[in-house]
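Below: one structure, written as structure tokens.
Chain A is the first sequence line, chain B the second, and so forth, proteins listed ahead of strands; every chain is numbered from 1. Side chains included, hydrogens not; waters and symmetry mates left out as well; all remaining heavy atoms used. None of these values were measured; they are calculated from a predicted model.
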Amino acid sequence: MLDIKFIRENTEAVRKAVAARNDSAPIDEILELDERRRSNLARLEELRRERKSASRTNDGDFREKGRQIREQIKELEDIIREIESRLNDCLLRVPNNPQPSVPEGKSEDDNIVIRTPGAPRQVDFAPLPHWEIGENLGIIDFEAGARISGSRFYVLKGLGATLQRALIDFMLDMHIREHGYKETYLPVMVRQEALIGSSNLPKFADNLYRDIEEDFWFIPTAEVALTNLHRDEILAHAELPLCYVAHTPCFRREKMSAGKDVRGIKRGHQFEKVEMYKFVIPETSNEELEKMVANAEEICARLEIPYRVKELCTADISFASTRTYDIEMWAPGCNEWLEVSSCSNCGDFQARRANIRYRPELDSKPEYVHTLNGSGLALPRVLISVIENYQRSDGTIDIPEALKPYIRVSNTSRA
RNA sequence: GGAGGGAUCGCAUAGUGGUCUAGUGCGGGCGCCUGCUAAGCGCUUACAUCGGGAAACCGGUGUCGAGGGUUCGAAUCCCUCUCCCUCCGCCA
């Protein structure tokens, strides 16, 4: 969330930023509530001061006087509590400010392709989409997925499941051994506060699954759990940056994309993802973002699959982000670029919500860290790209060289 | 699910209604002393928020797991909740 002081002092900039995102955050209401909160607070504090001195003097009608002050304090406290709860709810719905360098845009069409390394593989036959290859080979079973859980679910079998597992292993190993991330195993059911910290709540409740009985929420991405790993902590300057990687399932209701991408495994209610996450000092966050994107690109490169990197425009960067790069892999069967990663610098937005700070100097005041997140990468779409890019004319698929060490069971592509 | 115990300013603790304006030890910082190091000595060291100030800083208020309540006055008494620990039950 944005600092209320920042909104107060940079109102026009904030309005512009909100407009650039096509967002409708209630800035006027925030300013008004803030004004009322502060004036009431001044009165309340004055009353508390009176109560304190009255109870200390212990003379005359101090009991009666104290009783009167108490009633006034209670009244004011109720008013302020109400104002603060409304103010806080409004503040939680204001998106982060994009960095000045982020391209202005009205929709995802205004995102900018900044590099396209490598060329699409040339094949001398018409490439099939993964759902056909997958069904022909018996490695993706859509019918079984629907039978068990309904639409937007699928079952991976034999080589399909093995390939996904190998990809996860391959990605984790690379980030841990070569890119310096620490592996973590995380809860995928979390409390509401965790989702407020990561900024999925209150605004995006529609996209989340929830267990009403225990009030557990299912994470839509490991970013949620990773953000909260250091909630309410003051981190030591020396231990930053902290870099984590995790593989988790992700759960999304996808209400907003009803009817979209229903074919294949591109968009399911449940999918696997390897996620990178960093806690860094503010000065280095943009630099760390570049590194993170490079870490994600390295996976694409090693898999020898064509990809491109886009910088997202103001209208398309996520709610918490100040700046975002997407990585897309080419899928010749679907004939489209698939988003396999989104890497964002969230600045201090999540850190303020989750109260994650560090001390710049040994004796200085704590300041908020910057947080970054990036997929490294999202499994179903990488699986699509592998299947479609490595398909052979006889209907079978080849295994990328980089994955061969990770396929440890004998598993023919006719599995 | 049941029974009991606990949560205090980085860590460990003291504090059961009124100079608690939260004490002490450890750890951290600054300095002194001393060939060096160690030890010793002195000072200092929580966070948030509001107001004033260009700033250094000054003043107010709040925070003893969280939220309510009782009281002239709450770390302390009452209620609800969260988390941790011990034991019992169930269980991969």
Task: Aromatic centroids of Tyr368(A) and Phe349(A) separated by under 6.0 Å - done: no
Task: Interatomic distance, Asp78(A) CG vs rG67(B) P [rounded to whole Å] - done: 15 Å
Open item on the list: So Arg43(A), base contact, sugar-phosphate only, or nothing? Heavy-atom distance under 4.0 Å.
Closed with: nothing
- [ ] Look at the side-chain N and O atoms of Lys74(A) and state whether any lies under 4.0 Å from the OP1 or OP2 oxygen of rU70(B).
- [x] yes
Task: Atom pair distance, as rounded to whole Å: CG in Asn88(A) and C1' in rA48(B) - done: 14 Å
Open item on the list: Would you say Arg51(A) places a side-chain N or O within less than 4.0 Å of OP1 or OP2 belonging to rC72(B)?
Closed with: no
Task: Distance-only side-chain donor-acceptor flag, Asn286(A) / Asn345(A), under 3.5 Å - done: yes
Task: Euclidean distance, atom CD of residue Glu84(A) to atom P of rC50(B) [Å, nearest integer] - done: 10 Å
- [ ] Could you measure between the two P atoms, the one in rA66(B) and the one in rU86(B), and give it in whole Å?
- [x] 24 Å
Task: Positive for salt bridge (charged side-chain N to carboxylate O under 4.0 Å, His left out) with Lys310(A), one of Glu328(A), Glu339(A), Glu108(A) - done: Glu328(A)
Task: rA55(B): pairing nucleotide in any strand, Watson-Crick or G-U under 3.5 angstrom - done: none
Task: Interatomic distance where CD belongs to Glu64(A) and P belongs to rC72(B) [whole Å] - done: 9 Å
Task: side-chain N/O Arg357(A) vs rG10(B) OP1/OP2, d < 4.0 Å - done: no
Task: Selection from rC83(B), rG60(B), rC47(B) that lies nearest to any side-chain heavy atom of Arg191(A) - done: rC83(B)
- [ ] Determine the Euclidean distance between corresponding C1' atoms of rU76(B) and rG17(B); express it in Å to zero decimal places.
- [x] 7 Å
TODO: Indicate, with a heavy-atom threshold strictly under 4.0 Å, whether Arg352(A) touches base, sugar-phosphate, or nothing.
DONE: nothing
- [ ] Let me know the distance between CZ of Phe6(A) and P of rU49(B), rounded to the nearest Å.
- [x] 16 Å
TODO: Examine Tyr277(A) together with His230(A) and report whether their ring centres are nearer than 6.0 Å.
DONE: no
TODO: Between rU71(B) and rG18(B), how far apart are the C1' atoms? Round to whole Å, please.
DONE: 12 Å
Task: Phosphate OP1/OP2 of rG62(B) contacted by Lys52(A) side-chain N/O (<4.0 Å) - done: yes
Open item on the list: Measuring only the C1' atom in each nucleotide, how far is rU21(B) from rG15(B)? A whole number of Å is fine.
Closed with: 16 Å
Open item on the list: Using heavy-atom distances to pick each residue's nearest nucleotide on RNA chain B, tell me which of Arg81(A) and Lys65(A) is more 5'.
Closed with: Arg81(A)
Task: Aromatic ring proximity, centroids under 6.0 angstrom, Phe251(A) and Phe218(A) - done: yes
Open item on the list: When the C1' atoms of rA39(B) and rC32(B) are compared, how many Å lie between them, rounded to an integer?
Closed with: 14 Å
- [ ] Return the orientation label for the His179(A) and Tyr181(A) ring planes: parallel under 30°, perpendicular over 60°, tilted otherwise.
- [x] perpendicular
Open item on the list: Partner lookup for rC36(B), please. Criteria are Watson-Crick or G-U wobble with both distances under 3.5 angstrom; report none if nothing qualifies.
Closed with: none
Open item on the list: Counting only side-chain heavy atoms from C-beta out, which of rG73(B), rG51(B), rU49(B) sits nearest to Arg70(A)?
Closed with: rG73(B)
Task: C1' atoms of rA55(B) and rG69(B), separation to the nearest Å - done: 44 Å
Open item on the list: What is the separation between atom CD1 on Ile73(A) and atom C1' on rG62(B), rounded to the nearest whole Å?
Closed with: 12 Å
Open item on the list: Quick check: His269(A) with Phe153(A) (ring centres under 6.0 Å apart)?
Closed with: yes
Open item on the list: Under 3.5 Å for both donor-acceptor distances, Watson-Crick or wobble: does rA22(B) have a partner, and if so which one?
Closed with: none
Task: Base-pairing assignment for rC30(B) (Watson-Crick or G-U wobble, both under 3.5 Å) - done: rG42(B)
Task: Strand partner of rC87(B), provided both Watson-Crick or wobble distances fall under 3.5 Å - done: rG2(B)
Task: Counterpart base for rU80(B), defined by Watson-Crick or G-U wobble contacts under 3.5 Å - done: rA66(B)
Task: Option passing side-chain contact (heavy atoms from CB on, under 4.5 Å) with Val274(A) (candidates Thr248(A), Leu167(A), Asp169(A), Val245(A)) - done: Val245(A)
Open item on the list: Taking the C1' atom in each of rG68(B) and rC91(B), what is the distance between them to the nearest angstrom?
Closed with: 37 Å
Task: Residue-phosphate contact under 4.0 Å: Arg67(A) side-chain N/O, rC72(B) OP1/OP2 - done: yes
Open item on the list: Tell me the interatomic distance from Glu193(A), atom CD, to rC83(B), atom P, rounded to whole angstroms.
Closed with: 9 Å
- [ ] Go through rC50(B), rA46(B), rG60(B) for me and flag the one nearest to the Arg359(A) side chain.
- [x] rA46(B)
TODO: Nearest-nucleotide wise, let me know which of Arg49(A) and Lys5(A) is further upstream toward the 5' end of RNA chain B.
DONE: Lys5(A)
Open item on the list: What's the gap between rG65(B) and rG5(B) when it is taken at their C1' atoms, as a whole Å value?
Closed with: 16 Å
Task: Assigned partner base of rA75(B), Watson-Crick or wobble definition, under 3.5 Å - done: none
Open item on the list: Nearest whole Å is fine: how far is rU49(B) P from Arg48(A) CZ?
Closed with: 15 Å
